[in-house]
Visitor: 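Got a structure for you, written out below as C-alpha cells; questions coming shortly.
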Amino acid sequence: MVMEKYDQQRGEERIDEYPRFSPQDLRRREGTILAARLCINAAMTAPVAGGVAQVQAALVYGQEELEGVARKMEELAYTNERWKRRFLNEAVMVRESDAVIFLGDYRAHETPLDAMCGMCGAEKGCAFFYERRETKDGLVDVTDKRSKTPIKGPLCSARVNDLGYVMASAVWMAQTLLVDARPFMSVGLAGMKLGYCDKSAMVVGIPMASIAKNPFQDIGIDYHLINMEKMIDNTRKNAVVIRQTGSGIHFDYRTQYPKAEKEVDNG
Amino acid sequence: MARIDGKKAAQDSLMDVARLAVAAAYRAPQMTGRMKLQSEIVTGEDLRPIIEFFEAIIPISPVMYFDYYSYKYFLDNNEPLPLLLLGADLTKSELGWDCGACGFETCAEFNAYSKNNKGRSALWAGPTCNWKLMDFAAACDFACAAVAQYRFDGRVMGTVGGAASNVGFLPAASAVVGLPIGPVGEFNWFSRKQNLETSTQDMHLKWLQQTSPTNWQAFPGSTKPCTKTKQDWWNDMQYVKFESVNEEEVKIAGEAMQKVQSVSEKYYGKVSEWYNKDEE
C-alpha cells in the first residue's frame, strides 16, 4: 500500500518558453525558480567578514509580481537623469526574466563590523559611520527612516563588501547551473522601495532566466521601446490593421480569391 | 615513462589555480561597469615583506598574529604558496547616482570630501563608493569560488591584503584583499593545525575573555557582576572594568606602530617600484 505513492510519480510535461506565461512556459519557469532557491543558498553561505549572518533574501516570480518590480524601476528612472536610461533598459530585462532574487544586508546600517577597516571614511573607531548616524552610546537608532537620498547612509563598508560576496556567490551558482543571471542596482533599489528585504539598507536585485537568448546581454538602443514585447505588441496592432488597409476588406474569403496579374491579363 | 610525486604535482598545480582564480575574478559581474580590478600573484621569498609586517603588528593585532605564524610556517617549510592579491581604487565615484549609501547626498560631495580627506585606517583607505565596492567584492568572490570549485584550500583575508598594501603591493588600490591558494592539504586556513605550537591554552582563554567577556562568563545578579575566569571563580573574584587605555598600553601600541611604520618604509619603495616598470 505504501508503495502506491510511487505510482503517482509519473507524468508527461510539455515545456516551451513561448507563448509567455502559458502552462508550458510556467513549467519551464519552475526550473528557474528552483535554481534561484539554490542561488539563495549559495548567497547565504558566501564568505563574509567574521562569518556573521547578515543577509536576508526574497524570491519574486509571477507575471504581476515581476511587472510590479519593473514599474517601480520605471518610476525611479525619472528621479535621476544619470541613471534614467539604465533603469528603463533594466526594467525590460526584469519583464523578460523568470524570477528575481533580492539580497539585502541588514547589518550595514545598524550593526557595523567595528573592525576599523577604514573603508567608510578611515576614521579612528569607525567614527565616520557613528558620527553620521543617530546613535546612543554606540547603539545605532534606525527607527527614523526619513532620508533625502534613496539610501540612508553612511553604511558600514565592510558589510557592503560582504553583500558583494553574497551577490556574486548567487550569480556564480546561477552560472554553474547555466541559468542566466545578472545583478543590478536598479532592481535592488526598486525591490527595497517595494518592501522586499525590509530590514536592509542596501539591496541588490538579480533577475534570472532560462530562455534561448540571455535577456541581460546585447541590449540595443532605446531598448525600452524596441524590445521583443513591444515588437510583438506592435505586430498585434498591425496584424489587425492590415486586414483592413492592406488586404482582406475587398473580397469574400469563402467564395473569392484575388487573381494574379497574369490571370487578369489572360482574361 | 615518467613518475611524478603526487604531492609535488598537487603543489605545482597551485599556481595554475591561482591563474584561473584571477581570470575568474576579471569575469565577475559588475553593477557599475566602472570598477577597475587590480591584481597580482605573489609567492616565495616575495612574501617576506608581508610576513615581516605581520610580525611588527602582533602586539596590537591578535588576528595578524595567527596570520604571521601561518604564512611564516608555509614559507619556512618550503611549501610554496601563491597569494592572489586583488585590489581596486574605490575612493572616486563616476556614477552620479547620488544614492546616499556613502553618507553624502551626492556623488559630487562624496568626491570632494574624498579628494581632501582620503585616509587609511587599520586595513584599507576610504571613503568608498559602496556600489563599486560591491563590484570589487564580487570579483574577490569569483576568485574564491573558482578556488573552491577546484577543491583547493584558501581563505580570502582582509588582513593579508592590508599588510600587503602597507608594504607596497597594489599601491594604486584603496582596498586590497589577499587569497592564499593552498598549500596542499585539508583546512590549512580554517583550522590552522600548523599554528598549534604558537599559542598555549592560557593564551586562548585570555583572548576569548578579552574578546567577548560578558556573553559567556558573566555571573549576573548584582551591579558588579564577577566574571568566571577560572575553575574556582568564586575565590578571589575578578571583574570586568571599564577604563581608558593607560599609559603603558599607549606606549606598547605606539612602539608597535613605529615598528610597523619602519617595516612599511623599508619595503614600500622597493615593492611598489615593480608597478612603475610595468607602466613603461
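Quick note on labels: first sequence line is chain A, next is B, and so on, each numbered from 1. Source: prediction; values computed, not measured. Only this structure's heavy atoms are used, side chains among them; waters, hydrogens and symmetry mates stay out.
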Visitor: Taking atom OG1 of Thr106(B) and atom NZ of Lys148(A), what is their separation to the nearest 0.5 Å?
Guide: 11.5 Å
Visitor: In terms of heavy-atom proximity below 4.5 Å to chain B, should Gln175(A) be classed as side chain, backbone, both, or neither?
Guide: side chain
Visitor: With a 4.5 Å cut-off on heavy-atom pairs, point out which of Ala139(B), Cys144(B), Pro127(B), Ser114(B) contacts chain A the most.
Guide: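 Looking at each of Ala139(B), Cys144(B), Pro127(B), Ser114(B) in turn, Pro127(B) comes out on top.
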Visitor: Between atom OG of Ser186(A) and atom CH2 of Trp97(B), what is the distance when rounded to the nearest 0.5 Å?
Guide: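 With rounding to 0.5 Å, OG (Ser186(A)) is 8.0 Å from CH2 (Trp97(B)).
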Visitor: Can you find a heavy atom in the side chain of Phe142(B) that is under 4.5 Å from one in the side chain of Val171(A)?
Guide: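 Answer yes - side chains close enough.
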Visitor: With a 4.5 Å heavy-atom cut-off, do Pro47(A) and Asp141(B) have their side chains touching?
Guide: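 Touching, per the 4.5 Å side-chain cut-off.
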Visitor: Do you know which of Lys124(A), Met119(A), Arg182(A) has the most heavy-atom pairs under 4.5 Å to chain B?
Guide: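 Highest number of heavy-atom pairs under 4.5 Å: Met119(A).
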Visitor: Could you tell me whether a side-chain N or O of Ser157(A) sits under 3.5 Å from a main-chain N or O of Thr128(B), the two making a donor and an acceptor?
Guide: no
Visitor: Under 4.5 Å, heavy atom to heavy atom, which residues of residues 148-166 of chain B contact chain A?
Guide: Gln149(B), Val156(B)
Visitor: Side-chain contact test, heavy atoms from C-beta onward, threshold under 4.5 Å: evaluate it for Thr149(A) versus Cys99(B) and give yes or no.
Guide: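 No, every pair of side-chain atoms sits at 4.5 Å or beyond.
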Visitor: If you look at every heavy atom in Asp98(B) and Asn80(A), which pair is closest and at what distance?
Guide: N-ND2, 4.2 Å
Visitor: Relative to chain B, which segment of Cys117(A) carries a heavy atom at a distance below 4.5 Å: side chain, backbone, both, or neither?
Guide: both
Visitor: Parallel, tilted or perpendicular: which one describes the rings of Phe128(A) and Tyr113(B), with boundaries at 30° and 60°?
Guide: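 Answer is tilted, since the angle falls between 30° and 60°.
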Visitor: Where is the tightest heavy-atom contact between Cys102(B) and Pro154(A), given as atom of each residue plus distance?
Guide: O-CB, 3.3 Å
Visitor: Return the minimal non-hydrogen interatomic distance between Phe136(B) and Asn161(A), and the atom names on each side.
Guide: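 The pair with the smallest heavy-atom distance is CD2-OD1, 4.4 Å.
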Visitor: What closest approach, in Å, do Ala122(A) and Gly126(B) show between heavy atoms, and which atom pair accounts for it?
Guide: CB-N, 3.9 Å
Visitor: Which heavy atom in Tyr165(A) sits nearest to a heavy atom in Ala137(B), and how many Å separate them?
Guide: CD1-CB, 3.5 Å
Visitor: Can you tell me which portion of Met202(A) sits under 4.5 Å from chain B's heavy atoms? Options are side chain, backbone, both or neither.
Guide: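 Contact with chain B: side chain only.
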Visitor: Using non-hydrogen atoms and a 4.5 Å limit, figure out which bit of Arg133(A) sits close to chain B: side chain, backbone, both or neither.
Guide: neither
Visitor: Do you know which of Ala125(B), Ala24(B), Gly119(B), Ala28(B) has the most heavy-atom pairs under 4.5 Å to chain A?
Guide: Ala125(B)
Visitor: Quick one: what part of Met167(A) sits under 4.5 Å from any heavy atom of chain B, side chain, backbone, both or neither?
Guide: side chain
